[in-house]
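Structure first, then comments.
Any value given below was found using the heavy atoms of this structure, including those in side chains, with hydrogens, waters and symmetry copies removed. Chain letters run A, B, ... following the sequence lines, proteins first and then strands; every chain starts at 1. On a predicted model such as this, the values are computed, not experimentally measured, just so you know.
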Number of protein chains: 2
Amino acid sequence: MFDDVIRSFAELDLRPGQYSVLAVVGHRPGLKQSSVAAALGIQRANFVALINALERRGLARRSAVPNDRRSYALHLTAEGERVLARANARAAVVEARLDAKLGPGGRARLLSLLRRLGAHG
Amino acid sequence: MFDDVIRSFAELDLRPGQYSVLAVVGHRPGLKQSSVAAALGIQRANFVALINALERRGLARRSAVPNDRRSYALHLTAEGERVLARANARAAVVEARLDAKLGPGGRARLLSLLRRLGAHG
DNA sequence: TATTGTTATACTCTATAACTATA
DNA sequence: TATAGTTATAGAGTATAACAATA
């Protein structure tokens, strides 16, 4: 299933981790670099190369934060928004395939069970 | 959940992949090295270091196969059986924790849904 | 003192190509 | 020709320590 996701994004030259960054930054523009990393469970040391690559490709950009010269705020470029939209479309196709396999209500039942696994205690 | 498994085996100095090898070889002694690798979805090139480590620790051993001098048959040593038994006990504890989180019948429902995800088509 | 971004480094898992010795 | 085991190598992903700039 994860390989299916990887193949699906490969045509956009996007790794799953890169897609998750685009999705978070697209949904909440202006978040600090380390906040995005934390939201995705990525350590900030490892996040640097990730955001570097997206910035080099012109999909995301760092911008200065007023009142805190240590931080960068992250935004998508117009091209980044376009790539994110195309990736979302592909993700929807993968999800539809999953739903077809799981049957009606299957996804909700699966997510409910998986949430319990993550519950603390 | 996977981190829980890793922590649980760490006290036996066993990685999840090593445990899976012990489990397969313990359950079906005499399988060829490449059959065990294939059964676990591990490429034979990467399996070499894995089985080397288990053999060096005295948990598993390679033995000659009659009529095919290319192959090795894999078996557990007495110590390997003991470590496997202790690992199985720890795995049972982890499983009990999972069952407690999932509730009655939860595991069966979860496995049923996951099996559908793996179904071809 | 603590935090942000960064670099360097190391370890695990995985993937591929190529070799050898057998079949 | 094909297969079993092996070696070498490279790429991701991830983890920790340490540093400079800033708070």
Side-chain angles (χ1 to χ4, degrees), chain A residues 1-25 28 30-57 60-75, chain B residues 1-10 12-25 28-57 60-75:
Chain A
M1 165 185 150
F2 202 67
D3 284 347
D4 189 14
V5 174
I6 291 176
R7 271 192 304 274
S8 184
F9 288 153
E11 299 160 53
L12 297 173
D13 199 17
L14 270 191
R15 302 281 311 164
Q18 295 177 318
Y19 171 65
S20 66
V21 173
L22 292 185
V24 167
V25 176
R28 286 201 165 233
L31 278 183
K32 284 192 311 176
Q33 182 170 318
S34 51
S35 299
V36 175
L40 293 169
I42 300 171
Q43 307 195 40
R44 60 191 202 292
N46 294 326
F47 193 81
V48 176
L50 226 178
I51 191 66
N52 278 352
L54 294 178
E55 198 171 35
R56 214 178 313 118
R57 284 174 60 184
R61 58 189 164 79
R62 293 168 163 100
S63 63
V65 170
N67 305 327
D68 191 344
R69 291 192 299 170
R70 296 173 304 179
S71 305
Y72 290 121
L74 300 185
H75 296 266
Chain B
M1 166 186 151
F2 202 67
D3 285 347
D4 188 15
V5 173
I6 291 177
R7 270 192 304 273
S8 183
F9 288 153
L12 297 173
D13 198 18
L14 270 191
R15 303 279 313 165
Q18 295 176 318
Y19 170 65
S20 66
V21 173
L22 291 185
V24 167
V25 176
R28 285 200 163 233
L31 277 184
K32 284 191 311 175
Q33 181 170 316
S34 50
S35 299
V36 175
L40 294 169
I42 300 170
Q43 306 194 42
R44 60 194 203 291
N46 295 325
F47 192 82
V48 176
L50 226 179
I51 191 66
N52 279 351
L54 294 177
E55 197 171 36
R56 216 178 311 119
R57 284 174 60 184
R61 59 188 163 78
R62 292 168 163 101
S63 64
V65 169
N67 305 328
D68 190 345
R69 291 192 298 169
R70 298 173 303 179
S71 306
Y72 290 121
L74 300 185
H75 296 266

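Taking atom CG on B:L50 and atom P on D:dT6, their separation rounds to 12 Å, with Å as the unit. The distance from atom CG of B:L31 to atom P of D:dA4 is 13 Å, rounded to the nearest whole Å.
You can see that DNA chain C meets the heavy atoms of chain B within a 4.0 Å-exclusive cut from C:dT12 to C:dA23, reading 5' to 3'.
At a threshold of 4.0 angstrom between heavy atoms, the contacts of A:F47 with the nucleic acid are absent.
The shortest non-hydrogen separation linking A:G17 to A:S20 is O-OG, 2.6 Å. The two residues A:A73 and A:G30 come nearest to each other via the heavy atoms CB-O, 3.5 Å.
Taken from CZ in B:R57 to CG in B:N52, the straight-line distance is 13.5 Å, to the nearest 0.5 Å. Remark: A:L54 CG to A:R15 CZ distance equals 13.0 Å, nearest 0.5 Å. Atom CZ in A:R56 sits 11.0 Å away from atom CD1 in A:I51 (nearest 0.5 Å). The structure places CZ of A:R62 at 7.5 Å from CG of A:L74, a figure rounded to the nearest 0.5 Å. Distance check, rounded to the nearest 0.5 Å: CD1 of A:I6 to CE of A:M1 gives 11.0 Å. For the atom pair CD (B:E55) and CG (B:L50), the distance works out to 12.5 Å, reported to the nearest 0.5 Å.
Looking only at side-chain heavy atoms (C-beta outward), B:Q33 and B:V48 come within less than 4.5 Å of each other. Here the side chains of A:L14 and A:L22 are in contact, with some heavy-atom distance below 4.5 Å.
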Using a cut-off of under 3.5 Å, enumerate the N/O to N/O pairs linking the protein to nucleotides 21-23 of chain D.
residue, atom, partner, partner atom, Å
D:dA23, OP1, A:R69, N, 2.8

Every protein N/O within reach of nucleotides 14-18 of chain D N/O, cut-off under 3.5 Å:
residue, atom, partner, partner atom, Å
D:dA15, OP2, A:Q43, NE2, 3.1
D:dA15, O5', A:Q43, NE2, 3.3
D:dA15, N7, A:N46, ND2, 2.9
D:dA15, N6, A:N46, OD1, 2.8

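Annotation: ring pair (Phe, Tyr, Trp, His ring centres under 6.0 Å) contacts of A:F47 (sequence neighbours excluded): none.
A heavy atom closer than 4.0 Å to some atom of DNA chain C occurs in no member of residues 4-22 of chain A.
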Throw together a table of side-chain donor-acceptor distances under 3.5 angstrom for residues 39-46 of chain B, partners on residues two or more places apart or in other chains.
none

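Remark: B:F9 CZ is packed, more than 12 non-hydrogen atoms of other residues, nucleotides or ligands lying under 6.0 Å away.
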